[in-house]
Amino acid sequence: MGAPKAHDWIMDLEAYVPGKATADGVKNPVKMSANESALGPSPKAVEAIKASAAGVMRYPDPASHDLITAIAKVHGLKPERILCGTGSDELLTLLIHSYAGVGDEVIFSELGFSVYPIQAQAAGATLVPVPNKDWAADVDGMLKAVTDKTKLVIVDNPNNPTGAYLPWSEVERLHKGLPDHVLLVLDAAYAECVTAGDYEAGEELVDKFENVVMTRTFSKLYALAGLRVGWMYAPDHVVDVINRWRMPFNVANPAHDAALAAVKDQAYLDEVVSFTAEWRDWLTAELTAIGLDVVKSQTNFVLVGFPEESPFTAEECNAYLMKHGYIVRKFGVLPNHLRISVGTETQNRGLISLVRGFMNGSPDEPDGEAGQ
Ligand SMILES: *Cc1c(COP(=O)(O)O)cnc(C)c1O
C-alpha cells in the first residue's frame, strides 16, 4: 500500500519562494526586498508589544473586539463586517478554500501575488491567470475569462510585484461585469501607499453588494509584518462562512495590542505615508534618469526594467547589488526586472549610487555603502 499520499494537486505545488534576507559575506545587509516599511512601526505599537508580555499566559480574544472596533472607527465601517486574521494571507487562504474546490475556476492576474495561485491549487481548483494590462489587472481579460465554473476573481490593487493600480472606475466596471455568483476579492495590501486621487480600496462596493470582499494588512506601512495581522471587510454572509472554520485564536495578544495601538496612531501613519510616497517618487525619478524603465508605482516599491544585453542585465545588477550588501527582489517570471522596496534615505541614496555605477560600467567603484 505504501506511505500516506497527499492530493496530486498538492504534490504539483511549488512552495512560496520568499525574497532573500541575507547577502553572502556582508554583515548588515540592506534589505529592500520584502516591501517592509523602512521606518518601522509606531513607537506606541512597540510599547503595546512590551506591555502585552504580562498577559501572554492568556488566550487572546477570539473576536479581536477592540482592534475591530478601532479599525471600524478609523475607516468608518460596520464592525460586524470586519474580521481579523493571521496576516491577510490567512484571510485570503480562508476565502479561497471556502469558495473554490475541484472543478472550480479562480481568476487572477498572471503577474500578481503568488499566494492566490498557491492556495487555489491547494484547494484543487483550476487556475485561470490573465495577462496584465499596462502592468495592472486587465479588466476586459478577466471578464472574458469568466465561466459558469468561476468562483473567485482576485485582484491585488495596487498590484504586487508591479506597483501599478486600477482606478476606481475600472474596479467598478469589473464588478459590474461579473455574475452574482462570483466573489470579487480586492486585496488592498498597499492601500495606505496610494496617492492617486482616483483610487479606492473597496469598502464602498462591499457595503453595496453581496459578492465583494476587501482585504487589508498591518504588514506594510503599519510595519508589523513580523506579528502577522490583517483584516477583511465583507458582507455578513461571507463573515459567517469564515467564522465557521477560521482558527478561533488567530490574532495573538501582542499582535492584537500592537495593531490596536498602530491604528490609533494615525498621525504616525501619515508621516510614513508621506515619506513613502516621496521616496518612491524619488527612486522612480533617479532610476529613470539613469535610463532604466520604471513601472509607475502606487506602492512602497518600484519595479525596474533592465536591458537584455550583458553586462547590464537585471541578473547582473542583482548580483552586483548583493555583493555590496543590497538585497532586492528578482522574480523568475520577470527575468529583466528587479523589485526594489523603499528604504531609509541613506539606503535609497546608497542603492541609487550603486545602480548608477553599475550602469555606467564602472561597477568596481561604488560611492554607496551598505550597512546602515
Ligand atoms: C504583502 C502583501 C499582502 C500581505 O500579506 P500579510 O499576510 O498580511 O502579511 C497581501 N497581498 C499582497 C499583494 C501583498 O503584497
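Counting starts at 1 for both ligands and their atoms, following the listed order.
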### Query
Is it true that Arg173 and Glu170 have a side-chain N and a carboxylate O under 4.0 angstrom from each other?
yes
## Note on the structure
Honestly, for Ser88 the part within reach of ligand 1 (heavy atoms, under 4.0 Å) is both
### Query
Thinking salt bridges, do Arg244 and Asp240 make one under a 4.0 Å N-O criterion?
yes
### Electrostatic pair Asp207:Arg81 at N-O distance under 4.0 angstrom
yes
### Message
Could you tell me, atom by atom, which parts of ligand 1 come under 4.0 Å of a heavy atom of Ser219?
### Response
6 (P), 8 (O), 9 (O)
### Query
What part of Tyr190, side chain from CB on, backbone N/CA/C/O, both or neither, has a heavy atom under 4.0 Å from ligand 1?
side chain
## Note on the structure
Atoms of ligand 1 under 4.0 Å from any heavy atom of Ala189, numbered from 1 in the order shown, are 2 (C), 3 (C), 10 (C), 11 (N), 12 (C), 14 (C)
### Query
In terms of residue, atom name and distance, what is the protein heavy atom nearest to atom 11 (N) of ligand 1?
Asp187 OD2, 2.6 Å
### Query
Does some non-hydrogen atom of Asn35 fall short of 4.0 Å from ligand 1?
no
#### Entry: Any Phe306 side-chain heavy atom under 4.5 Å of Thr313 side chain
no
### Task
Please identify each residue that fulfils salt bridge (charged side-chain N to carboxylate O under 4.0 Å, His left out) with Glu200, with sequence neighbours left out.
none
### Message
I'd like to know if Glu192 pairs up with Arg216 as an ion pair, taking the criterion as any Lys NZ or Arg NE/NH1/NH2 lying under 4.0 Å from an Asp or Glu carboxylate oxygen.
### Response
yes
### Task
Mind checking whether Glu90 contacts ligand 1 via backbone (N, CA, C, O), side chain (CB onward), both or neither, at a 4.0 Å heavy-atom cut-off?
neither
### Message
Could you check whether Arg349 makes a cation-pi contact with Trp282, meaning its NZ or CZ is under 6.0 Å from the centre of the six-membered ring and within 45° of the ring axis?
### Response
yes
### Query
Sequence neighbours excluded, which residues qualify as salt bridge (charged side-chain N to carboxylate O under 4.0 Å, His left out) partners of Lys264?
none
### Query
Is the closest N or O pair between Thr217 and ligand 1 shorter than 3.5 Å?
yes
### Message
At under 4.0 Å between heavy atoms, is it the side chain or the backbone of Asn160 that contacts ligand 1, or both, or neither?
### Response
side chain
### Query
Of all the heavy atoms in Gly230, does at least one lie under 4.0 Å from an atom in ligand 1?
no
### Task
Check ligand 1 against Arg228 and write out every atom of the ligand that is under 4.0 Å from a heavy-atom position of the residue.
6 (P), 7 (O), 9 (O)
## Note on the structure
atom 14 (C) of ligand 1 sits nearest the protein heavy atom Lys220 NZ, 3.1 Å
